[in-house]
Amino acid sequence: MIPVQRIGHATYASPDPERQIAYYTDVVGFTVSARDKDRTVLSTRLGHEVLAIEPGSIAQCTRLSFQVASDFDPADAIAHFGKQGIACERRSNITPGIADAVVF
């Protein structure tokens with residue numbers, strides 16, 4: 001079993017990313033913690049990464065991340081998912097707040 005602690009962040013695609021960024025910063029109160037031409041990462045005032053906004057043809061949630069216990073080895077997650085027939089890979093530094101991840 002994978003020791004999930006909480007939902008990490010979600011990635012949303014939007015045909016109008018600037019409008020989404022304005023909503024989440026002006027209305028909700030998130031702050032921009034990283035930005036490049038294809039992605040904007042939003043965080044809470046406490047610095048917790050919560051949303052990534054990317055351009056897309058339709059508005060949709062494209063990814064969801066989970067934070068696991070700090071002593072959990074990502075290699076164990078890869079083995080677990082492999083037994084379930086789920087392809088996955090290990091990645092590093094996918095966002096400013098995430099140094100090590102398993103994507104599937």
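In this text the structure is predicted, and so the values were computed from the model without any measurement.
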Using a cut-off of 6.0 Å, state whether more than 12 heavy atoms not belonging to R6 lie near its atom CZ. yes
Does a sphere of radius 6.0 Å around CZ in R39 hold more than 12 heavy atoms from other residues, nucleotides or ligands, not counting ones at 6.0 Å or beyond? yes
Side-chain donor or acceptor of T40 paired with backbone N/O of R35 under 3.5 Å: no
Could you pull out the closest heavy-atom pair between A75 and R90, with the gap in Å? N-NH1, 4.3 Å
Under a 3.5 Å distance rule, please check whether S65 uses its side chain to pair with a backbone N or O of H9 as donor and acceptor. yes
T44 meets the side chain to side chain contact (heavy atoms under 4.5 Å, CB included) criterion, sequence neighbours left out, with F30, L46, H48, V50
Please find the pair of heavy atoms, one from V68 and one from Q5, that lie closest to each other, and give the distance. C-CG, 3.5 Å
Taking the side chain as everything from C-beta on, heavy atoms only, tell me whether I7 gets closer than 4.5 Å to L64. yes
Just how far is it from atom CD1 of I86 to atom CD1 of I78, taken to the nearest 0.5 Å? 12.5 Å
Answer yes when R63 and E54 have at least one side-chain N-carboxylate O distance shorter than 4.0 Å, and no when they do not. yes
Applying a strict under-4.5 Å side-chain criterion to I, L, V, M, F, W and Y, I'd like to know whether I21 and I58 cluster together. no
Do V103 and F66 sit in one hydrophobic cluster, given that two such residues count as connected whenever their side-chain heavy atoms are within less than 4.5 Å of each other, even indirectly? no
To the nearest 0.5 Å, what is the distance between CD on Q20 and CG on L42? 10.0 Å
Gap separating the OG atom of S14 from the CZ atom of R19, nearest 0.5 angstrom: 8.5 Å
Going by the rule ring pair (Phe, Tyr, Trp, His ring centres under 6.0 Å), which residues pair with F72 if we only count those two or more places apart in sequence or in a different chain? none
Can you name the nearest heavy-atom pair linking A13 to P55, along with the distance? CB-O, 4.4 Å
Please list, chain by chain and in numerical order, all residues satisfying ring pair (Phe, Tyr, Trp, His ring centres under 6.0 Å) with F81, sequence neighbours excluded. F104
Is there side-chain contact between E89 and V102, with heavy atoms separated by less than 4.5 Å? no
So V41 and L51, do their side chains get closer than 4.5 Å, heavy atoms only? no
